[in-house]
Amino acid sequence: MHEMSVAMSLLELAEETAAAQGCTRLMRVRVEYGALAGIMPEALELCFEALTRGTAHEGAALELVCLPLRLRCVFCGTVFGGEGQEARFTPCPGCGEVAGHVVEQGKELLLREVEAS
Amino acid sequence: MQIPVVRNVLEANDKMAAEVRRELASRGILALNLISSPGAGKTTLLERTLRDLGGEFRMAVIEGDLQTDNDARRVSATGAQAVQINTEGGCHLNSNLVLSAMEQLDLAGLDILFIENVGNLVCPVEFDCGEDAKVAILSVAEGDDKPEKYPLLFNLAKAMLLNKVDLLPHVDFDTARARAHATRLNRDLAVFEVSARDGSGMEAWYDWLRRMRETKRAQR
Ligand SMILES: Nc1nc2c(ncn2[C@@H]2O[C@H](COP(=O)(O)OP(=O)(O)OP(=O)(O)O)[C@@H](O)[C@H]2O)c(=O)[nH]1
Ligand SMILES: [Mg+2]
Ligand SMILES: [Zn+2]
């Protein structure tokens with residue numbers, strides 16, 4: 001739903017990263033996103049393509065890598081995985097607690113590599 | 001050339017949110033981000049709050065909507081300052097929009113800044129606007145399963161208002177169930193049952209506002 005604003009920030013950040021190395025044309029951009037980052041990959045790809053079309057970056061590939069969810073129970077310390085938003089509120093396998101799981105991995109939205117010329 | 005990096009894509013929003021927070025902290029202004037589905041009663045709640053507490057606090061409102069300035073006009077009619085932001089399709093406010101709206105407000109002597117987010121239970125939760133607390137508003141017309149379906153909002157909010165309780169006789173909303181689910185997600189959640197229309201239950205909400213604002217003041 002908010003993929004357009006994400007794609008805009010991403011493109012800006014990638015351009016900045018390339019420019020710092022004297023590059024002006026993006027060829028490939030790699031992004032890692034957490035399973036809970038609220039990203040729909042297809043939608044983000046569409047937005048990225050729409051934003052780069054007709055620019056120097058036309059045809060640049062967007063590589064999206066999903067980081068699986070990793071939660072830690074604040075009561076007993078058990079670290080466990082899961083799927084989707086619901087996982088944050090499912091019982092801890094260690095003690096059964098449902099609230100207060102810390103998201104150790106899953107909310108990231110990181111630019112990890114830029115290939116540019 | 002391949003350039004390895006590690007940069008947070010939303011860092012622009014986080015940086016701007018920190019700036020909002022700094023500005024508000026230096027002035028001791030309490031900021032609340034109101035989040036609900038469309039039509040749950042955010043603007044009606046604000047209209048009544050601004051009227052009832054107008055003699056006690058200086059308050060301002062930033063209104064976020066896809067289109068129109070209807071809500072800003074409604075809250076300005078109470079005498080409070082209001083700025084409208086039209087997101088033109090954007091499903092949430094972000095800290096940059098809030099910062100530019102703040103530039104149009106007279107912040108001197110302000111006690112409370114309300115941010116009425118775009119009606120949506122999902123996206124606004126992800127974008128920090130520099131607020132002290134998110135406030136979830138759930139109307140009894142929407143069904144008591146919302147905390148179950150949209151857990152993140154109820155997990156992160158500091159308060160939940162169950163609005164439109166005047167309609168309870170006409171709907172099958174189970175307040176105990178909504179309360180139980182929400183507090184299971186967040187044991188510190190303050191819950192208020194109110195009717196922004198007839199004013200019932202509002203005093204407890206006002207007391208919460210007074211406490212929050214006092215705490216903020218004391219931190220200055
Ligand atoms: N019966 C009843 N109706 C209410 C109450 N609060 C709000 N309403 C009505 O609900 C409708 C929507 O209220 P708004 O205050 O505009 O809701 P909102 O959340 O600001 O809506 P958006 O900004 O469009 O997302 C209006 O017709 C209000 O009169 C209430 O406590 N009881
Ligand atoms: Mg409104
Ligand atoms: Zn546990």
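Note on naming: letters A, B, ... go to the chains in the order of the sequence lines (proteins, then strands), and numbering restarts at 1 for each one. Quick note: numbers below take in every heavy atom, side chains included, and nothing from hydrogens, waters or symmetry partners. The structure displayed is predicted, hence computed values, not measured ones.
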Just wondering, more than 12 heavy atoms not from B:Arg184 lying within 6.0 Å of its CZ?
no
Only counting residues at least two apart or in another chain, list the ones meeting side-chain hydrogen bond (donor to acceptor under 3.5 Å, both in side chains) with B:Arg7.
A:Glu16, B:Glu11
Kindly give the heavy-atom pair with the smallest separation between A:Ser9 and B:Val9, and that separation in Å.
CB-O, 3.4 Å
Answer yes or no: does atom CD of A:Glu83 have more than 12 heavy-atom neighbours from other residues, nucleotides or ligands under 6.0 Å?
no
Please classify the contact between B:Glu126 and chain A as side chain, backbone, both or neither, with a heavy-atom cut-off of under 4.5 Å.
side chain
For the NE2 atom of A:His101 and the CG atom of B:Asn155, what is their distance to the nearest 0.5 Å?
10.0 Å
Spacing of B:Asn13 atom CG and A:Leu109 atom CG [to the nearest 0.5 Å]
11.5 Å
Other residues, nucleotides and ligands only: do more than 12 of their heavy atoms fall within 6.0 Å of CE on A:Met8?
no
For the atom pair CD (A:Gln21) and CE (B:Met1), what is the distance rounded to the nearest 0.5 Å?
5.5 Å
Heavy-atom count around B:Asp106 CG within 6.0 Å, excluding the residue itself: above 12?
yes
Short side-chain to backbone donor-acceptor contact, A:Arg112 and B:Val6, under 3.5 Å
no
Note: A:Glu113 and B:Val5 closest approach over all heavy atoms is N-CG2, 4.0 Å
Is it the backbone or the side chain of B:Tyr150 that comes under 4.5 Å from a heavy atom of chain A, or both, or neither?
neither
Contact origin within A:Arg28 toward chain B - heavy atom pairs under 4.5 Å:
side chain
Out of curiosity, A:Glu3 CD to B:Cys123 SG, how far, rounded to the nearest 0.5 Å?
8.0 Å
